Number of protein chains: 2
Amino acid sequence: MKRFLIISSLWLVAVTTTLAQDLQSPDGNLEMNFSLQEDGTPVYSLNYKGQEVIKTSKLGLELKNDEHSLLAGFSIEDTATSHFDGTWEPVWGEEKEIRNHYNELEVKLKQAETNREMVLRFRLFDTGLGFRYEFPQQNELGHFVIKEERTQFAMAGDHTAFWIPGDYDTQEYDYIESKLSEIRGQMEKAITGNLSQTSFSNTGVQTSLMMKSDNGIYINLHEAALIDYAAMHLNLDDEKMIFESWLTPDVNGDKGYLVSPTQSPWRTVMVSDDAKDILRSRITYNLNEPLAIEDPSWIKPMKYIGVWWEMITGKSSWNYTDEFTAVKLGETDFDAAEPNGRHGANNENVKMHIDFAAEHGFDGVLVEGWNIGWEDWFGHSKDYVFDFVTPYPDFDVEEIRDYAKSKGVEMIMHHETSSSVRNYERHLDTAYAFMNKHGYNAVKSGYVGDILPRGENHYSQWLVNHYQYALEKAADYKIMINAHEAVRPTGIARTYPNLIANESARGTEYQAFGGSKPNHVTVLPFTRLIGGPMDYTPGIFEMDISKLNPDNDSHVNSTIANQLALYVTMYSPLQMAADLPEHYEQFPDAFQFIKDVALDWDESIYLEAEPGYYLTIARKEKGENNWFVGNVNGNEERISNISFDFLDKDKDYIATIYSDGKDAHYKDHPQSYEIREVRVNHRSKLSQVSVPGGGYAISIMEVDKDKAKQVKKL
Amino acid sequence: MKRFLIISSLWLVAVTTTLAQDLQSPDGNLEMNFSLQEDGTPVYSLNYKGQEVIKTSKLGLELKNDEHSLLAGFSIEDTATSHFDGTWEPVWGEEKEIRNHYNELEVKLKQAETNREMVLRFRLFDTGLGFRYEFPQQNELGHFVIKEERTQFAMAGDHTAFWIPGDYDTQEYDYIESKLSEIRGQMEKAITGNLSQTSFSNTGVQTSLMMKSDNGIYINLHEAALIDYAAMHLNLDDEKMIFESWLTPDVNGDKGYLVSPTQSPWRTVMVSDDAKDILRSRITYNLNEPLAIEDPSWIKPMKYIGVWWEMITGKSSWNYTDEFTAVKLGETDFDAAEPNGRHGANNENVKMHIDFAAEHGFDGVLVEGWNIGWEDWFGHSKDYVFDFVTPYPDFDVEEIRDYAKSKGVEMIMHHETSSSVRNYERHLDTAYAFMNKHGYNAVKSGYVGDILPRGENHYSQWLVNHYQYALEKAADYKIMINAHEAVRPTGIARTYPNLIANESARGTEYQAFGGSKPNHVTVLPFTRLIGGPMDYTPGIFEMDISKLNPDNDSHVNSTIANQLALYVTMYSPLQMAADLPEHYEQFPDAFQFIKDVALDWDESIYLEAEPGYYLTIARKEKGENNWFVGNVNGNEERISNISFDFLDKDKDYIATIYSDGKDAHYKDHPQSYEIREVRVNHRSKLSQVSVPGGGYAISIMEVDKDKAKQVKKL
């Protein structure tokens, strides 16, 4: 009886609705329209300053074993608009306060034939649109299986895109810059090898997808708040230039099992005629739920080094012995095994790293390969592959713990799951409790290789659900997570800021696997970083990998100055200095920037930006009056012109500029750099050459007038 | 270097081996032969008293993506024979001491082309053969994937078999009695409906498989110690009468992922010319590992009633409300929902059951449907289906706990997983801790419906591994498990006796789902019970189910006397009196047997046995001088003739005989029974009629001579 009354009241409201609805962004630049087509198909469009950005695009979901689906036959039952303007303080971030400002349109739809209700909720910000599907609790739509989400993004032209191949298992690709119409032709060569990958279409690409129209409008497509739902790819109809959502399937090819009340993630469209606005936009975070952790005081940014690059380059090994082709945890006797003499995670080496971290002010030391199981960890679809608590004979957990503590350094845990996810979930409590016991506050988790349960994909609903499970459980244990090979982030760190970083893109490790494109880091902030910070592991000073391992002829396509700039341009509360201590000791003056640079910020100023070409950002250290500037440059030499007008008017500063040397080039002279100390104030301007794959970094410290005067003016 | 020396020494031993090996059982009745065929294929055969039981049969495994597999090309590297004779005391069981007595043959094989080693280990007992494959740790065979195990059991004739269809997900079938050659023709009608089933072959059957040859030899095929391996079915080549192993596949059709050192479960062949020996044999337990629980004192047999039969018959419901077609745990508001008025697990009804249990001396009360989620628990492939800790509004966990405690009754927990196995594993610690907190020492777990991870099967390696995980974790929490719909047991309760029962066959519930064959219970002890006890839930007194639920016209194909006998013939340390208290109150004299019958035994005497036809067993109560006898009868009336010579010679006893009434019949007069009290001693003999679907039960209590004399002699 109660239910009947509610339905009746909704029908009464429905009388007041119309068939089309417009919505404007607070600044009026963006305008969207929602309507129903004649057959009751919901559609939307989006304009920016009067120009079409999204042409009329369909919305809906195709359901499995359901003749009606949620595609058409809808009528508008009710609409409501509202306005929101508020601010919130992130636990860490690019600024101390984030404004959440949007106009909202809520459209309640009813499918007459099925009596089902579906709500479409649109939020229009100054920098873009977010919308999602909501499925209220209802007996007519209790459980349903998504065959495919049919959300369209109809482009208004053959834009230039920075894209990576659609893939159910990896995002570790170099970006391709091409016209949308050229995607199909370039797909084959874009799909480079990976340890686990599943492509699906010649025109399928991943989000966040960065585009630029011929008339200079920047458009970014992504999603926010991906919770218990499959990650979205975009499949392009390259005749009509319409992208359509393509969810990651499960083992049976199904795209999602939902139970009402529930909702899809937000689909986001960022738009501006200024690329800097894409970086400035916070709609991805704003579309996520507020902080879910009552007391987040244990979450803190970290700068760290690690026993890692030596394994990545092949100089040392994760595994302790070469004696076994197969390991049976609990049975294989490592104490009796012959060490291979190349094991990186040994007490001596780890202590050296702790010493180095302590000497240079790093917060933490990551050690990979400390726990038994690395002899056969990959490629065998092995269920019980790691136990996450048993060290190799040459790694003494207690000794290392005590030593690190005595030096004031935190150890960072490493949990490679080898994608054996059931095994990881079974050990999660024990592993986290082990971390608590031994003083590890952060864990780098890894999901290399094909997923177990076999047949599942890294980005399917099953796995998305897993990453979230591990994250929320970690919060219970006050543990910060840096998840590698997991699904790319979608702003969930607003809610769970213990997700301090992800990999989920082609990281620095590929510089030791054959190299990445020199302009790679000018793209990432417009794509991968839209959803959250990346553990990019910058700071490589030795670009010739054969010097570490004669069998590895890879080259790091970056200058030292570019490497330094990454600490500013690639925002993350977790920053690694990834190279070997001995390489830092070779270049102590350049290393100084890595030591100085802050991790958390009161303010970020986007000075120059063009995806794929260049990027210059200035950031103000949290709680301090120091600024750090980073410029990364693309494939061609360029002069960066910036003003220091962001500095306080009445203050004096000394700037240390770490720039490319005159003969620098990512390929030939990557280690050529110059450092100069100059006096700057808010009137200063800089014109600085950055070479191909180069850039510059600046630290700007407030000083008193007298000290400033000892230094030459810029 | 060390490894090389070991291999060398094995080669030295190999010189002493021969190409064929014979082995005899301790009593000499069984003789097996092992040899290699010309192409290096291992084969074995088995004779009983000079007659062929297993004709020359191949052994080996086909591996995935491996041109050599483990099928042929072997040479014998070493053989060893040994003798074992020992006894062990089960925590509970059909007798207080079990003899483990066998001759063993170990054959070390080497595959020249691959340098791989495989060990075949045969143990020949007086009642049968057990053998398994062992894969020692070796670099040549580290990880491997089983495409199919190719173990043959070549029958010597077209035997009569009691079989159920091979199925990856259920054993809940009525048994078919047919010639092996008739299996194919009868398969289609043998496959009756079930909530989750996957058949695979027209000649595929399940183990344990009971057979009888034309010349009266009983043969039983099963497996022991099924750990981290797929459950074995048998597929019949019905031209050659060769059974071959057919493992349960995973989602990709693969049969198992193994890592050396490891081994297969034991494959068992029980043989005798006396069917009673099949019941007497303990080879399944003996082939399992010894007790793994240090102090098993918390494991104890239980007799229980439950809020269960009323739901099974449809008289009441598991779910609390009919308002929701979908439930979202944590969001759906049950307090505000309208109760359906049929919810069985309500405080009042549960307390009534506790009162009844206390009054009649039952140890425990099971309550199903106490926890939220039953509204949409089945058929939706729902991941987060139960949380195992949140009660419905009308079930007060604390109140029930305290009430039960005050009455000296234990509550039995119920965990229906709906086969959402990841969800169950995630909640396992919390659920078990909840049980500890609220005084539940035993749990009935259920795996109804299709498995999540989707595509997996109830009996694949993934799930076998899960059941074991839940069992071992339960031991950590001192919790006893009664797992329903899980894989059929294989004697693992020797190692983990907290596995006090399984369902894993067609239980009494099917008497409310259309009925089972009257002779079903004369087959189960020869098939399902070979691997361990069954929670068969006997004790139904009201055979007309329409009296409980007018919409259910099912009939229980059994007499009351037959129901009583089941407490003796269907050995289990967990015994339910499944009917409603009100039905027991209608027949208090018959109910007395259920109250009296013991749960644990010092000795068991198999008096009469013919699978599918009849079964009479006498058991001596543990620590007491009381005996209980049970006879169950098949489809035809029969006179059972037994002697009481198992009684102590110098003692007097009063026997209470619960037999079928003169007009009794499972169909027409199932409630017709007679009870008579007679004096018996070791010279007494009984000639007792059992009607179709009938039987008798006897309790025999030692009394002093004077008291005995007051009672009429048998």
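Proteins get letters first, then strands, A, B, ... in listed order; numbering begins at 1 in each. These numbers come from a predicted model, not from an experiment.
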Quiz question: by atom type and distance under 3.5 Å, do the side chains of B:Tyr392 and B:Asn319 form a donor-acceptor pair?
no
Residue part contacting chain A, namely of B:Leu452, when any heavy atom lies under 4.5 Å:
both
Segment of B:Asp376 engaging chain A (4.5 angstrom heavy-atom cut-off):
both
Carboxylate-amine/guanidinium proximity below 4.0 Å for A:Arg426 and A:Asp387
no
Checking heavy atoms, do the side chain of B:Glu456, its backbone, both or neither come under 4.5 Å from chain A?
neither
At a 4.5 Å cut-off on heavy atoms, which part of A:Asn465 comes close to chain B: side chain, backbone, both, or neither?
both
Does the plane of the ring in A:Phe386 sit parallel, tilted or perpendicular to the ring in A:Trp377? Use 30° and 60° as the thresholds.
tilted
Exercise: do B:Asn340 and B:Thr321 side chains pair donor with acceptor under 3.5 Å:
no
Does NZ or CZ of B:Arg121 lie under 6.0 Å from the centre of the six-membered ring of B:Tyr133, at an angle within 45° of the ring axis?
no
Looking at A:Gln138, A:Gln461, A:His466, which one has more heavy-atom pairs under 4.5 Å with chain B than the rest?
A:His466
So which part of A:Val327 gets closer than 4.5 Å to some heavy atom of chain B, the side chain, the backbone, both or neither?
backbone
Aromatic plane relationship, A:Phe388 with A:His415 - under 30° parallel, 30 to 60° tilted, over 60° perpendicular
perpendicular
Heaviest contributor of heavy-atom pairs below 4.5 Å to chain A, chosen from B:Glu331, B:Gln137, B:His143, is B:His143
According to the interplanar angle, ranging from 0 to 90°, do the rings of B:Phe200 and B:Tyr168 count as parallel (below 30°), tilted (30 to 60°) or perpendicular (above 60°)?
parallel
Pick one of side chain, backbone, both or neither for A:Val251, based on which atoms fall under 4.5 Å of a heavy atom in chain B.
side chain
If we define contacts as heavy-atom pairs under 4.5 Å, which of B:Phe144, B:Trp462, B:Tyr469 has the most with chain A?
B:Trp462
Under a 4.5 Å heavy-atom cutoff, which of A:Glu425, A:Lys328, A:Arg454 has the most pairs with chain B?
A:Arg454
